[in-house]
2 protein chains.
Amino acid sequence: MTTAEAIEQTLARRGYRLTGPRRALLEVMSGLGDHFAADDVVNAAPAVGRATVFRTLKLLQDLDVVCQVVLEDGATAYRLAPDEHHHHLLCVECSEMRDFSSDDLEAVIAEVARRTGFTVEAHRFEVYGRCPACQARTS
Amino acid sequence: MTTAEAIEQTLARRGYRLTGPRRALLEVMSGLGDHFAADDVVNAAPAVGRATVFRTLKLLQDLDVVCQVVLEDGATAYRLAPDEHHHHLLCVECSEMRDFSSDDLEAVIAEVARRTGFTVEAHRFEVYGRCPACQARTS
DNA sequence: GGCTAACTGAGCCACTGTCTCAGTTGCAAC
DNA sequence: GTTGCAACTGAGACAGTGGCTCAGTTAGCC
Ligand SMILES: [Mn+2]
Ligand SMILES: [Mn+2]
Ligand SMILES: [Zn+2]
Ligand SMILES: [Zn+2]
């Protein structure tokens with residue numbers, strides 16, 4: 001089963017309609033590499049309206065199927081995501097993006113909550129650097 | 001010495017000119033509470049051009065005097081910052097913002113670097129939750 | 001096959017930030 | 001104190017991202 005097909009099942013299971021534009025967008029996103037801008041999707045799916053692209057991106061985020069990544073310069077990228085909680089490690093040179101998770105990080109958050117009395121509802125963690133390949137290339 | 005005055009000295013020390021608009025913006029930002037949108041600054045300093053507000057915000061960020069915070073909904077806030085490295089804890093209800101830092105967090109980053117072979121150059125970490133006061137109010 | 005709520009597309013709007021360029025000004029050198 | 005000039009500024013146009021409205025279409029249940 002392709003990623004797109006898996007997501008189609010998620011949509012159906014959650015009571016959303018499986019429309020032509022949604023299928024087309026899932027197909028397109030699967031082919032766009034590990035992350036993409038909203039505009040990449042718009043350009044790659046000329047038959048689908050721009051509003052529908054943004055609506056679909058937001059829907060897929062709510063379903064935890066797409067995640068939003070804040071790039072180093074503040075721009076936004078989207079990514080077809082594994083549905084487990086994770087964070088992003090980005091190469092500032094080649095833009096490679098890697099998911100990771102860390103129990104220690106979640107422990108840090110628990111500790112911050114304890115120290116401050118806040119109840120934590122969400123967090124965002126992005127790490128920017130250079131991947132091994134880019135380090136080798138311009139050692 | 002006020003915060004604004006301290007920042008003026010930083011500007012001078014770094015070779016930037018101490019202009020009327022810059023003084024006015026520092027004054028205004030000091031009065032805007034713990035964080036503010038770019039547009040708040042624009043409105044609070046009607047005599048200063050919008051382009052200058054954005055230019056000044058960017059300059060102050062480069063000087064590590066202002067930091068940029070990504071809110072839960074993706075919007076951007078600015079904050080007059082302590083110049084040490086820190087992260088943000090935000091109340092999603094009353095918008096209170098608190099700085100914190102954590103050696104354990106920095107250790108997590110070092111561990112991610114070790115595991116992946118990336119050299120880490122920067123990171124971003126925001127925590128969203130509810131502050132003690134807001135918890136009490138709507139227990 | 002019909003019904004209806006869900007969905008879509010076109011186009012316009014809002015917000016945030018950037019750019020250009022002609023005009024101004026801080027400040028250092030005299 | 002005057003002068004020179006690079007640094008800075010403001011107006012206004014422009015760009016990117018995302019949202020909204022509303023009339024028209026369609027998926028999916030009967
Ligand atoms: Mn996490
Ligand atoms: Mn840190
Ligand atoms: Zn790389
Ligand atoms: Zn609060």
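Naming convention: chains lettered A, B, ... in sequence-line order (proteins, then strands); numbering from 1 in each chain.
- Looking at heavy-atom distances under 4.0 Å, B:Ala51 makes contact with a base.
- A continuous path of hydrophobic side-chain contacts links A:Phe100 to B:Val127 [ILVMFWY only; heavy atoms under 4.5 Å].
- Nucleotides of DNA chain D with any atom under 4.0 Å from a heavy atom of chain A span, from 5' to 3', D:dT17 to D:dG28.
- Among residues two or more places apart in sequence or in another chain, the side chain to side chain contact (heavy atoms under 4.5 Å, CB included) test is passed with B:Ala133 by B:Cys131.
- The interatomic distance linking B:Lys58 (NZ) with C:dC19 (P) rounds to 7 Å, in whole Å.
- Partners of B:His85 by ring-ring contact (aromatic ring centres under 6.0 Å, His included), not counting sequence neighbours, listed by chain and number: B:His87, B:His123.
- Not a single donor-acceptor contact under 3.5 angstrom links the side-chain atoms of A:Arg50 to the base of C:dG11.
- B:Arg22 comes within contact range of the sugar-phosphate backbone alone, with a heavy-atom separation under 4.0 Å but no base atom that close.
- Between A:Gln61 and A:Tyr78 the shortest side-chain heavy-atom distance falls below 4.5 Å.
- Residue contacts for A:Ala47: at a heavy-atom cut-off of 4.0 Å it reaches the sugar-phosphate backbone alone, with no base atom in range.
- Taking for each of A:Val48 and B:Tyr78 the nucleotide of DNA chain C with the nearest heavy atom, the 5'-most of the two is the partner of A:Val48.
- Each end of the helix from C:dG1-D:dC30 to C:dC30-D:dG1 gets its own axis, taken as the rotation carrying the C1' atoms of four end pairs onto the next four within a five-pair window, and the two axes meet at 40° to the nearest 10 degrees.
- With A:Leu26 as the fixed residue, the side-chain contact (heavy atoms from CB on, under 4.5 Å) test singles out one of A:Thr2, A:Leu11, A:Thr56: A:Leu11.
- Going from atom CG of B:Asp73 over to atom P of C:dT16 covers 10 Å, rounded to whole Å.
- Among residue pairs with one or both ends in residues 33-50 of chain B, none qualify as side chain to side chain donor-acceptor pair (under 3.5 Å); sequence neighbours excluded.
- Pairs engaging residues 96-108 of chain A under the salt bridge (charged side-chain N to carboxylate O under 4.0 Å, His left out) rule: A:Arg79-A:Asp99, A:Glu96-A:Arg98 [sequence neighbours left out].
- Near DNA chain D, meaning a heavy atom under 4.0 Å away, the residues from residues 11-18 of chain A are A:Arg17, A:Leu18.
- When atom types are taken as modelled, the side chain of A:Gln68 and the backbone of B:Gly74 share no donor-acceptor pair closer than 3.5 angstrom.
- Counting only residues at least two apart or on different chains, the side chain to side chain donor-acceptor pair (under 3.5 Å) pairs with a member in residues 12-25 of chain A are A:Glu8-A:Arg23, A:Thr10-A:Arg13.
- Sorted by first and then second residue, the salt bridge (charged side-chain N to carboxylate O under 4.0 Å, His left out) pairs involving residues 126-136 of chain A (not counting sequence neighbours) are A:Glu93-A:Arg130.
- Within a heavy-atom distance below 4.0 Å of DNA chain D, no residue of residues 28-37 of chain B is found.
- Between B:Leu80 and B:Ile7 the shortest side-chain heavy-atom distance falls below 4.5 Å.
- By the side chain to side chain contact (heavy atoms under 4.5 Å, CB included) test, B:Ala45 is found to be paired with B:Leu25, B:Val28, B:Val48, residues two or more places apart in sequence or in another chain being considered.
- For A:Ala122, the side chain to side chain contact (heavy atoms under 4.5 Å, CB included) partners at least two apart in sequence or on another chain are B:Glu72, B:Tyr128.
- For the pair B:Thr19 and B:Asp39, both in contact range of DNA chain C, the more 5′-proximal nearest nucleotide belongs to B:Asp39.
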